[in-house]
Every structure is written in structure tokens, then in C-alpha cells.
Protein chains: 2
Amino acid sequence: MQDTKKRRNTGQITLFDVAKYAGVGTMTVSRALRTPERVSDKLRKKIQTAIDDLGYKPNVVASLLASASANRLIAVVTTKICDHSTRILLNSLQTSLAKDGYTTLIIETYHYHKNEAQLINALYSQNLAAIVLFYVENPTIIEKIVHRKTLPIINIGIQSYSCININIQPDDSLAMLMLTEYVIKQGYRHIGLLCANQQYHLFQQRLHGWHRAMLAHHLPTHRIINAAKPASFATGSELLPEMLLNWPELDALICTTDELAGGVLNECHRRHIRVPYQLAVCGFGDSEFSQVCVPPLTTVALPAELMGQHTATLLLKQICPDIDDTETDLSFLIPIIKTRASL
Amino acid sequence: MQDTKKRRNTGQITLFDVAKYAGVGTMTVSRALRTPERVSDKLRKKIQTAIDDLGYKPNVVASLLASASANRLIAVVTTKICDHSTRILLNSLQTSLAKDGYTTLIIETYHYHKNEAQLINALYSQNLAAIVLFYVENPTIIEKIVHRKTLPIINIGIQSYSCININIQPDDSLAMLMLTEYVIKQGYRHIGLLCANQQYHLFQQRLHGWHRAMLAHHLPTHRIINAAKPASFATGSELLPEMLLNWPELDALICTTDELAGGVLNECHRRHIRVPYQLAVCGFGDSEFSQVCVPPLTTVALPAELMGQHTATLLLKQICPDIDDTETDLSFLIPIIKTRASL
DNA sequence: TTATTTTTTGATAGCGCTATCACAATTTTT
DNA sequence: AAAAATTGTGATAGCGCTATCAAAAAATAA
């Protein structure tokens with residue numbers, strides 16, 4: 001009836017205090033909280049009273065240490081450049097994981113470039129089930145996370161790392177190649193590319209797809225602006241005049257995001273340039289905006305919803321390897337072109 | 001030279017293993033990791049070799065328990081309804097906290113409505129420094145979080161709770177009131193309101209502001225659509241025809257978000273309704289879109305940047321109460337109307 | 001040289017909880 | 001009724017780490 005262990009006084013109310021107050025052993029209190037059906041009604045009520053009277057709050061950290069059980073917690077490290085299509089991928093992933101009882105923590109590294117050690121420590125201080133690197137391009141951060149690797153890591157959106165368990169690479173280059181080929185097939189020949197956020201791998205992938213398609217069809221690839229500005233409405237509006245000045249013969253303009261294309265559309269309205277008759281415009285991402293703007297934007301998107309679900313499956317398989325690992329068929333993950341009036 | 005404690009074998013490599021391998025005590029290894037300057041070069045090198053050879057990874061949970069030190073970690077619980085202006089507030093808050101060395105974890109409750117217990121457990125399992133409830137409206141979740149309160153909680157965006165330390169309430173109602181008064185001052189009389197996301201307190205606040213302004217000027221308040229749909233481009237496009245059908249006399253339409261207003265603008269283009277000559281349109285939030293669309297949107301915004309910084313200050317003061325708590329002047333937190341061509 | 005201060009080092013004892021197992025209390029079976 | 005199975009309960013011993021303090025080693029002063 002008496003734990004004999006000595007205890008320091010940290011001011012915190014512990015299981016032991018509750019047990020003493022209720023006149024039972026600590027284990028009975030522990031059980032009353034975690035598996036109440038294994039404690040008799042009489043004691044359970046007494047314990048509940050003690051908890052209420054003392055205002056006891058469980059210490060989850062101690063519980064984690066003692067039980068060595070992993071939290072059903074998955075951290076997603078990400079930057080803030082995510083455009084619409086990547087955001088859908090992330091949402092789909094979160095929803096799928098939530099269905100299996102996993103909570104997703106999002107950490108935006110944007111704020112912590114100067115304090116990586118702290119980020120790493122934060123990541124590893126919570127008995128995570130896994131870490132997802134979502135379009136993280138900072139190699140220092142990746143290196144440090146992988147170096148302390150004690151759990152499954154999954155890398156989405158940038159080049160593969162052999163030291164990482166799962167690498168998922170949405171093929172933005174292919175999507176842009178398909179879109180560009182579609183534009184060419186429609187008869188356009190003076191096709192420009194407007195790319196922003198040039199510092200990010202994702203956008204260079206899209207640029208690369210355009211480049212491949214143009215070369216494959218023996219078309220010139222010089223009509224291009226590759227800017228370091230954000231891929232936003234404002235940037236689109238701002239850069240259209242520059243494109244038109246440099247290449248007045250332009251008959252189609254492909255933008256690396258729908259937001260850029262939206263800015264371009266607005267600027268066309270302002271200048272009374274008729275889309276698509278004087279200039280065809282395409283976006284990337286199949287955002288909601290692209291569906292309702294005037295004219296609606298032709299755009300392309302990867303099946304982000306499906307990709308998210310598939311990624312969740314892979315991740316859960318990694319966490320619980322007992323699940324059968326029949327290789328899933330990924331051929332359905334092909335980009336989809338949305339044909340609309342802007343072309 | 002020898003710890004005598006018995007140890008179970010959990011398969012994990014511990015400080016003890018490293019110490020044994022390096023021929024030193026566990027405390028020396030612990031120090032070599034946390035305060036290397038307090039360990040002699042010779043031992044430090046030996047210990048580093050042991051760590052590398054054995055592939056030792058520190059167990060942060062055990063460290064947290066033993067040292068009882070709080071993680072510099074703040075969790076933000078939020079939903080996904082956040083529109084542009086709330087997003088800026090959140091970013092500003094994160095940036096300010098990051099400057100003081102705090103890492104922000106974002107948890108989107110949207111996915112976890114069915115699993116609140118899990119959410120609470122996730123929250124309390126990481127020795128957080130504080131919890132931020134960011135536009136969380138679900139009373140069950142709030143109640144459960146507050147019930148286990150062991151650390152500072154801050155509530156942003158909805159009505160005050162007396163049991164919560166800090167309540168921050170951006171005055172969206174005032175902002176909308178000011179915007180509506182401005183529209184009235186411009187001579188418009190048949191003013192409608194388009195409100196989406198009616199289920200959220202935030203949007204009802206904005207609606208309420210419009211209502212107050214209209215009543216104060218003895219103008220009718222029946223020209224209103226208060227929909228349960230998302231506050232998006234698509235909803236704006238979809239609902240404009242309904243407004244025009246119901247109230248053909250409409251000369252100004254105020255929307256509760258810039259996105260709704262954007263959808264309305266697009267639908268106006270499609271129907272060749274000239275903005276602002278046939279219909280004036282206003283948004284809410286001063287989003288980037290509102291600045292570059294055609295015509296640019298008149299809109300209103302709260303000083304989200306400042307509010308975020310101020311909130312961070314309050315929060316840090318709560319975490320470290322030793323800082324002097326001179327009441328800060330909040331009168332500068334007034335909404336700003338952005339006058340643009342759509343009105 | 002010896003006495004004193006400073007720096008390094010490690011054995012010990014928990015942090016608050018849970019796994020384990022043995023023993024008591026109850027229920028079921030023979 | 002006694003024997004066997006089931007359930008309820010609590011003392012004990014850690015989980016992997018760090019605070020503490022005393023002892024040892026090194027540096028400085030006398």
C-alpha cells in the first residue's frame with residue numbers, strides 16, 4: 001500500500017500524490033487513466049475524486065519515456081513557397097494520415113534558417129513516428145536531419161537522396177512538357193515562358209519541361225524570363241510588359257504558376273490585349289482561380305490528391321513494416337491538362 | 001569508473017553504452033554533448049569517437065524528463081478556413097516568435113474533428129512553452145485543451161474565454177463597419193453584402209459590421225446573401241447572378257473576402273458589367289490579388305503584421321513573467337481602408 | 001616545497017511514469 | 001465443499017537522461 005521510493009519535490013502533482021490521496025498504489029492510478037475497465041468501480045471513483053481535488057495533469061513526457069511508445073505524430077518540414085498544387089498534395093497527405101490516427105505537425109523552416117540546431121532538436125524531441133521533408137531544398141537542414149536519423153524520413157518534391165527511405169518526386173517537368181506540346185499542337189510557334197521563383201528546384205523543373213518540349217519540336221527557346229521574384233499575381237502583371245517589349249511576335253505565353261498567369265491576364269485586360277486571340281496564356285496548377293477567371297485558364301496539374309494518398313500508404317508501410325509490400329502501380333500518376341478558353 | 005545501475009536492453013544505444021566504450025562516466029558524455037567546453041580535449045575526442053563508432057543518437061524525451069526544461073516550442077492549433085488576412089497574422093506571429101528562438105508547430109484541426117483526445121495528447125506530449133488557439137471555434141476542443149491546462153494558452157480570433165490567459169480579438173466588425181461607411185459616403189445607397197463561410201464567427205463579425213453601418217445610416221439591410229459555401233473565387237462567381245436577380249437595383253456589393261470579390265469581378269467581366277460604373281465592388285483583406293486585378297479592388301485590412309508582433313510580445317511575457325508588463329497601447333491597431341478603382 | 005584555489009570527473013539518486021510479476025480478491029468450475 | 005481459473009491490485013525496478021555533490025586532478029599562490 002506504500003511506494004517507498006524517495007521523491008524530490010518539483011512542485012508538480014504526480015501520480016504518486018494522487019495515489020497517496022486516494023489510498024491506492026500508483027499503478028492503480030496509472031491504470032485508471034489508461035485502461036479504466038481494468039479497475040474496479042469503487043477505486044476508479046475514489047481516484048477520479050483525488051485527480052479532481054488535486055488538479056492532477058498527466059506528464060506525457062514521462063509516460064513516453066517509460067513506455068517507449070511512439071507518439072502517433074508525424075512532422076512535416078516545409079517552406080512557404082508551396083504553390084496551390086503542392087498545397088493540395090500536402091492536404092491530401094495529411095487527410096490520409098489522419099484516417100490512420102496520425103496527427104501531422106507542420107514546421108515552416110522559412111523562419112528558422114538561422115537556427116537549424118533548434119529545428120532539429122524540436123524535431124527529435126517528440127518521439128515522432130516519421131519526418132516528412134516537403135519541398136525542403138536547404139541541403140544543410142536535410143543533411144542535419146538525416147544525420148540524426150532514428151526514424152523513417154520521407155522526402156517529397158526535390159531530387160532523391162539515397163540515404164532517405166522514401167523519395168517522392170512529382171514530375172513537374174513532364175507536366176510542363178505535356179502542356180507545352182499541347183500548345184505547339186494548337187499551332188502556336190512563338191511561345192514564351194514566364195518563370196518566377198527561379199531559386200527553387202520545383203520551378204526549374206517546370207522550366208526544364210518547357211525547354212525539352214521546345215527543343216524536341218525545333219522551336220526557339222530564347223523567349224523566356226526566369227525571375228527570382230515570388231510566383232504571384234503582382235509578378236505576372238509586372239513582367240508581361242517586359243516580355244511583350246522583348247518579343248512582340250509572342251503568340252503564346254506559358255507561366256509556371258496559375259498566379260503568374262492570373263497577373264498576366266489582368267495586365268492583358270488593362271492593355272486591351274484579347275486573350276487568346278492576340279495572346280494565348282497558360283498556367284500551371286489547376287487552381288480554383290484558373291477555373292473562374294476570364295477567360296478561364298488552360299493549365300496542367302499533377303494528380304495531387306492521388307499522390308498524397310499514395311505517399312501516405314508508403315509512409316505507413318515504412319512505419320509498420322508488417323503490412324505486405326506489394327509494389328503499387330504508379331502509372332496512373334500522370335499529369336492532366338485542363339483545356340480552357342485562354343488558349 | 002563504473003555505473004552500477006542495472007539496465008534493461010531496449011536495443012537502443014544509450015549514453016551509458018557510449019560511456020563504457022569510451023571508458024568514462026555517463027555524466028562526462030552528457031557534458032561533452034551539452035557543454036563541451038567543460039570537458040578536456042582528450043576525453044572529448046575519445047567520446048566523439050565512441051559516439052561515431054556506436055552511432056549514438058540522444059534521446060531528447062529522456063533529457064526533457066530529467067532536466068524538466070521546457071522546449072522552446074509553441075504549438076498553433078488552427079483550422080483551414082484562414083483567409084489571406086489571417087494568414088498574414090499567423091506569419092507575423094511566427095516570425096516574431098522565431099526571433100526569440102521559439103519554433104512554431106502548426107496543427108490543422110480540420111483533420112482531427114473526430115479524434116480530439118489524440119489531438120490533446122499530441123499537444124501535451126512535447127513540453128510546449130505555450131499553446132496558441134488560432135481561430136479555433138470548436139468549443140469541445142477548446143474546453144478539452146483548457147481543462148488540461150498546464151501552460152500559457154492564447155486565444156486569437158474568436159470570443160474571449162475568461163479561463164484563457166490571453167485573448168486577442170481582431171476587430172473585423174469594426175473594419176467592415178468602416179468600409180461600409182466609406183461606401184455610403186461615396187454616395188452608394190443600394191448596397192448589398194455577399195458573405196460566405198457563414199458558419200464561422202470571423203465572417204459573421206464582418207457581416208455584423210456591415211449591418212451596423214447600414215442601420216446607423218438608415219439604409220436597408222435586406223440585400224444580403226449569407227452562404228455556407230467556402231469564401232472562394234468560385235463562390236463569388238456563382239452567387240453574383242443570384243444577387244443581381246434578387247436586387248437589380250444594386251449599385252454596390254461588399255464581399256467578406258477579396259476572393260469572393262475576385263469571383264464577382266470575373267463574373268462582371270463575363271457579363272459585361274462595368275465596374276465600378278454599373279456596380280461597385282469591395283473586398284476584405286487587402287490580398288495581393290486585390291492590388292493587381294482589373295479594376296483594383298477597394299478593400300480593408302487590419303494591421304495584421306503589427307498585431308502578430310504585439311501578440312508575440314504578450315505571449316513571451318506570459319512565458320517569462322519577469323519581463324516588465326507595462327500595458328501597451330493598442331490604439332494604433334485600427335483597420336486601414338485601401339481605396340482603389342473598383343469603387 | 002606545501003597550501004590553496006580552480007577545473008575535471010563520476011557515483012549516486014532521482015525526473016514521473018509504466019512493465020512486470022507476484023500476491024490478494026473474486027468468480028467459476030469440478 | 002474445495003480446486004481452478006479469472007480478475008484486481010501494488011511493490012519493485014527500471015526507461016535514458018541530468019542535477020548534485022564529493023572526490024580527484026590540475027593550476028596557481030604562498
Side-chain angles (χ1 to χ4, degrees), chain A residues 1-20 22-47 51 54 56-71 121 124-127 150, chain B residues 1-20 22-47 51 54 56-71 121 124-127 150:
Chain A
M1 213 59 138
Q2 283 239 61
D3 277 58
T4 49
K5 195 169 180 180
K6 275 175 233 163
R7 283 158 201 285
R8 253 175 237 147
N9 185 13
T10 54
Q12 208 178 125
I13 292 147
T14 68
L15 263 193
F16 179 74
D17 298 318
V18 176
K20 222 168 34 179
V24 298
T26 56
M27 268 319 292
T28 310
V29 181
S30 177
R31 268 192 286 260
L33 290 168
R34 291 177 302 142
T35 50
E37 71 279 5
R38 293 173 159 283
V39 175
S40 66
D41 281 13
K42 205 185 69 184
L43 287 192
R44 198 168 49 229
K45 265 174 208 148
K46 236 194 226 171
I47 289 168
I51 286 174
L54 298 176
Y56 166 77
K57 325 270 174 171
N59 179 329
V60 189
V61 172
S63 160
L64 281 175
L65 179 63
S67 66
S69 69
N71 250 322
N121 212 56
Y124 279 96
S125 67
Q126 14 196 352
N127 266 26
T150 51
Chain B
M1 212 61 140
Q2 282 237 62
D3 276 59
T4 50
K5 195 170 181 180
K6 275 177 233 163
R7 284 156 201 286
R8 256 176 235 144
N9 184 14
T10 54
Q12 209 179 125
I13 292 148
T14 69
L15 264 194
F16 179 75
D17 298 319
V18 176
K20 223 169 33 176
V24 299
T26 56
M27 269 318 292
T28 309
V29 180
S30 177
R31 268 193 287 262
L33 289 169
R34 290 179 301 143
T35 50
E37 71 280 6
R38 295 174 158 282
V39 174
S40 65
D41 281 13
K42 203 185 73 183
L43 287 193
R44 199 169 46 231
K45 265 174 209 150
K46 234 192 224 172
I47 289 168
I51 287 175
L54 298 175
Y56 167 76
K57 324 271 174 170
N59 179 329
V60 190
V61 172
S63 161
L64 281 175
L65 178 61
S67 66
S69 69
N71 250 323
N121 212 55
Y124 280 96
S125 67
Q126 18 196 347
N127 266 27
T150 51

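Reminder, nothing fancy here: chain letters follow the sequence lines and each chain counts from 1. Remember, it's a predicted structure, so these values are computed and weren't measured experimentally.
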Which heavy-atom pair separates [X] from [Y] by the least distance, and what is that distance?
X: I13(B); Y: Y56(B); result: O-CD1, 3.3 Å
X: L15(B); Y: S30(B); result: CD1-CB, 3.8 Å
X: A32(A); Y: I47(A); result: CB-CD1, 3.9 Å

To the side chain of [X], which of [options] is closest?
X: L65(A); options: dG16(C), dT18(C), dG10(C); result: dG16(C)
X: M27(A); options: dG10(C), dT20(C), dG14(C); result: dT20(C)
X: A66(A); options: dT8(C), dA19(D), dC15(D); result: dC15(D)
X: V24(B); options: dC15(C), dG10(C), dC17(D); result: dG10(C)
X: L15(A); options: dT18(C), dG10(C), dG10(D); result: dT18(C)
X: S67(B); options: dA19(D), dT9(D), dG16(C); result: dA19(D)
X: V39(A); options: dT9(D), dT18(D), dG16(C); result: dT9(D)

Compare side-chain N and O positions of S30(A) against OP1 and OP2 of dC17(C) and report whether any pair is under 4.0 Å apart.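 The answer is no; no side-chain N or O of S30(A) sits under 4.0 Å from OP1 or OP2.
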
Over all strands shown, is R34(A) touching base, sugar-phosphate only, or nothing at heavy-atom distances under 4.0 angstrom?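 Result for R34(A) = sugar-phosphate.
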
Bracket string, DNA chain D, 5' to 3' - pairs by Watson-Crick or G-U geometry under 3.5 Å, | interstrand: .||||||||||||||||||||||||||..|

Tell me, please, which residues at least two apart from R31(B) pass salt bridge (charged side-chain N to carboxylate O under 4.0 Å, His left out).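 So R31(B) forms no salt bridge (charged side-chain N to carboxylate O under 4.0 Å, His left out) with any residue.
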
When you match P58(B) and R31(B) each to their closest nucleotide on DNA chain D, which lands nearer the 5' end?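 This one resolves to P58(B).
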
